[in-house]
There are 4 protein chains.
Amino acid sequence: MSKALLKRGSGAGRPRSQALDEAIIEAATQLIECMPYGEVTIESIALKAGVSKATIYRRWPNKSAITVEVLLRQSLQMQIPFEAVSYREHLVTGMQGLREILSGVFAEAIVAVIAETQNNEVLRKIFYQAFISRMQAIGEADLEKAIQLGEARGDITKGMIFDQLFGTFYYRLLVVHKSIDDDYIERMVDSVIRQIS
Amino acid sequence: MSKALLKRGSGAGRPRSQALDEAIIEAATQLIECMPYGEVTIESIALKAGVSKATIYRRWPNKSAITVEVLLRQSLQMQIPFEAVSYREHLVTGMQGLREILSGVFAEAIVAVIAETQNNEVLRKIFYQAFISRMQAIGEADLEKAIQLGEARGDITKGMIFDQLFGTFYYRLLVVHKSIDDDYIERMVDSVIRQIS
Amino acid sequence: MSKALLKRGSGAGRPRSQALDEAIIEAATQLIECMPYGEVTIESIALKAGVSKATIYRRWPNKSAITVEVLLRQSLQMQIPFEAVSYREHLVTGMQGLREILSGVFAEAIVAVIAETQNNEVLRKIFYQAFISRMQAIGEADLEKAIQLGEARGDITKGMIFDQLFGTFYYRLLVVHKSIDDDYIERMVDSVIRQIS
Amino acid sequence: MSKALLKRGSGAGRPRSQALDEAIIEAATQLIECMPYGEVTIESIALKAGVSKATIYRRWPNKSAITVEVLLRQSLQMQIPFEAVSYREHLVTGMQGLREILSGVFAEAIVAVIAETQNNEVLRKIFYQAFISRMQAIGEADLEKAIQLGEARGDITKGMIFDQLFGTFYYRLLVVHKSIDDDYIERMVDSVIRQIS
DNA sequence: CCCTAATCGAGACGGTACGTCTCGTCTTATC
DNA sequence: GATAAGACGAGACGTACCGTCTCGATTAGGG
């Protein structure tokens, strides 16, 4: 009896298979990549992963949650090291990465999740931490280094600058649906540099 | 005789009631205002407008299309005259208007439509013309006046500047979910002014 | 005033076009012939006849009524003269005609109308007069002649005999969906003859 | 292990609730009994049975299929034992039962199903086995006994006789809409007896 | 020869059932 | 306990047809 109580919540019963976690995420990723996001169904994910619906619902509360998971994995693959190059180079590279994501196959899923966050507090937090703050942090963390390296002033209002930088990309790629070329990025970054130095 | 020939094919049959157009739009507007967008249903709109479902589907192909119509009407009410004030004042007032819309009851609907436009070319065009280009035009039209008044240089790249301006608002209000105060707006506008003069 | 009253209902206004009556009936006939009865629509009839829906509804209250009209025309083409042959020959020929109708393209429409008559008193009367009583009358009228010719007794219960005769055909062709060959008909008729002589 | 393999594909997943089967049939039966068949809706059945539409469509493809099920249950309740009475008595009793069904609340549903069978092979077979052949079999099975008991000849053409017997009832009650009294039945049966002995 | 009232084609309209779909929960037997 | 399979309630979807209606245009026949 005490054994059961001790175990409860941690290791009781058959443990969840991590392989299934991976299978589900993988299936969801592929489906989001190759068909309109609106047509991706929990059922289709279950079918593709060779898993029952209940197995999915046991891990995530709904499609949006899975999608966030998928997006997080994708963004994790986009590493932006800040070494041996100037802050300007760093920003250019970073924004090129963001451009790829926002104009690629996952754009639709990203907007869908953003839409969902409008009246879903929980998802909003998850998405923010997994995606937004991660990017913002990359920019700001490196800004600190830049300040220390003397490439940037120390008295600027960080918030607004990155709102401008990221906002322009989200707006132009997801709302206006116009492309962004390297020249556009460099001018954007120069505009930022000008404001912080 | 020729009169009849000319009319044939265009005005034949019972004409659609404009009163019903209004009733439907009005009902949709109210429902979008007072409940989560996801819970607004074609059926609920029909019920509220005192209209049959077919009457709605005869005019719009789906919920998104009606929503664009609703948003257009809303944006039309947001008139921003440019008289007797400086271009700076004008921009500040305009952005305050955009802030109201993007942080008000219609924000959810706007994002939902943006999500829908990701893989719906037709809707994308309608939404762009009805909403995006209208705002962009307001900014740019007045910029022309500002240039003529000597308040702005003539050789700037308009596109990017307004991408920055609008993008920041969309991003901060709809994605990051942080508020924008008057001070923030003024600094944004000053930043724009600085770039164009 | 009295003038108007006198006219009302007779000749005032533009008279209905008989040509359209024919066009509608013809279109309905062809559609019933070549597609499942359930798929024949007032709208499809209107389209095929090059006529508006209102023009049809001005003449008949619903699809069943048109169908009865169509069936009547068909049955009128099936004339069974009783001349120079025995009553037995006459019955055989008549039943062969009924067989053709009940196993042809109009069978479906006939059953549909019969179904409709179950809770539609008005249609029931129309159908009865246009179709059932016409056939029954053919049998009975000739029975009178047969009695006078000495081919039949005068004291038989006519009702039941023809119920048997027609009923067998309706049941076997429309309900059981088995065919009826000439031998079957002759045995049926002989059975009837035996009972009346 | 082999047990599991054998079962797989047949008994996997949550089994369908038999209680719901009953609830649906019961609801359909009551609705067919108390309102015009044309007004009985899948939705009304679902509502009355306290069941979702999908649960009904999972079991039957459409209203006709449910109706056949209902009719089968009704006909099963009409048992006609053949004991201690003559074959003539038996036939009279049986036909009285058929009369009750064909002139009762289910007549409308029966004709509707018959209409549906005209261009629906699948339904035709189901209806035939569930309803027609069952009645035919009752008559014929007892005829065998009658032959063995010496009440009937052994060389008669069974098919036509029962076509006559049943056909007369269907035709008179469902098509001509005239009633059938006990005297009529006895004369019908006598006519049959005369033909088989 | 014009006037008038009904007809006509076209198609909008309210109503309503259809059969399908997805969601998120549940039940069962198996592992 | 987790798992696969899939039933289940709920309810929206978009389509289809019904029978009525509203238009403007068109006819005949009576004045």
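- Annotation: salt bridge (Lys or Arg N to Asp or Glu O under 4.0 Å) contacts of D/Glu33 (sequence neighbours excluded): none.
- Note: NZ (A/Lys48) to P (F/dA4) measures 17 Å, nearest angstrom.
- Nearest-nucleotide positions on DNA chain F for D/Val51 and A/Gln18 put A/Gln18 closer to the 5' end.
- In terms of the salt bridge (Lys or Arg N to Asp or Glu O under 4.0 Å) criterion, D/Glu39 has no residue partners (sequence neighbours excluded).
- Judged by closest nucleotide on DNA chain E, C/Ala49 is the one of B/Ser52 and C/Ala49 placed further toward the 5' end.
- In this structure, the CD1 atom of A/Ile56 is 16 Å from the C1' atom of E/dC26, given to the nearest Å.
- The interatomic distance linking B/Arg16 (CZ) with E/dG14 (P) rounds to 12 Å, in whole Å.
- Nearest-nucleotide assignment on DNA chain E puts the 5′-proximal partner with C/Asp21, out of B/Asp21 and C/Asp21.
- Every residue meeting the side-chain contact (heavy atoms from CB on, under 4.5 Å) condition with D/Pro61, not counting sequence neighbours, appears here in chain and number order: D/Ala65.
- The side chain to side chain donor-acceptor pair (under 3.5 Å) search around A/Glu69 returns A/Trp60, not counting sequence neighbours.
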B/S/- contact track for nucleotides 17-23 of chain F, protein heavy atom under 4.0 Å:
SSBBBBS

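- As a whole-Å value, the separation of A/Leu47 CG from F/dG6 P is 11 Å.
- For D/Gln118, there are no side chain to side chain donor-acceptor pair (under 3.5 Å) partners, not counting sequence neighbours.
- Contacts of B/Lys53 classified as salt bridge (Lys or Arg N to Asp or Glu O under 4.0 Å), with partners at least two apart in sequence or in another chain: B/Glu43.
- In this structure, the CZ atom of C/Arg59 is 12 Å from the C1' atom of E/dA6, given to the nearest Å.
- In this structure, CH2 of D/Trp60 is placed 14 Å from P of F/dA7, rounded to the nearest angstrom.
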For residues 19-29 of chain C, which side-chain N or O atoms pair as donor and acceptor with protein atoms under 3.5 Å away, sequence neighbours left out?
residue, atom, partner, partner atom, Å
C/Asp21, OD1, C/Arg59, NH1, 2.1
C/Glu22, OE1, C/Arg73, NH1, 3.2
C/Glu26, OE2, C/Gln30, NE2, 2.7
C/Thr29, OG1, C/Ile25, O, 2.7

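- Comparing the local axis fitted to the first five base pairs of the helix from E/dC1-F/dG31 to E/dC31-F/dG1 with the one fitted to its last five gives a bend of 10°, rounded to 10°.
- Regarding contacts with the backbone of E/dG9, a side-chain N or O of C/Thr55 is found under 4.0 angstrom from either OP1 or OP2.
- F/dA4 atom P lies 15 Å from atom CD1 of A/Ile45, rounded to whole Å.
- Using a distance-only test at 3.5 Å, with no hydrogens or angles considered, a donor-acceptor pair links the side chain of D/Glu108 to the main chain of D/Tyr37.
- When all heavy atoms of A/Ile56 and A/Ile42 are compared, the pair lying nearest together is CD1-O, 3.9 Å.
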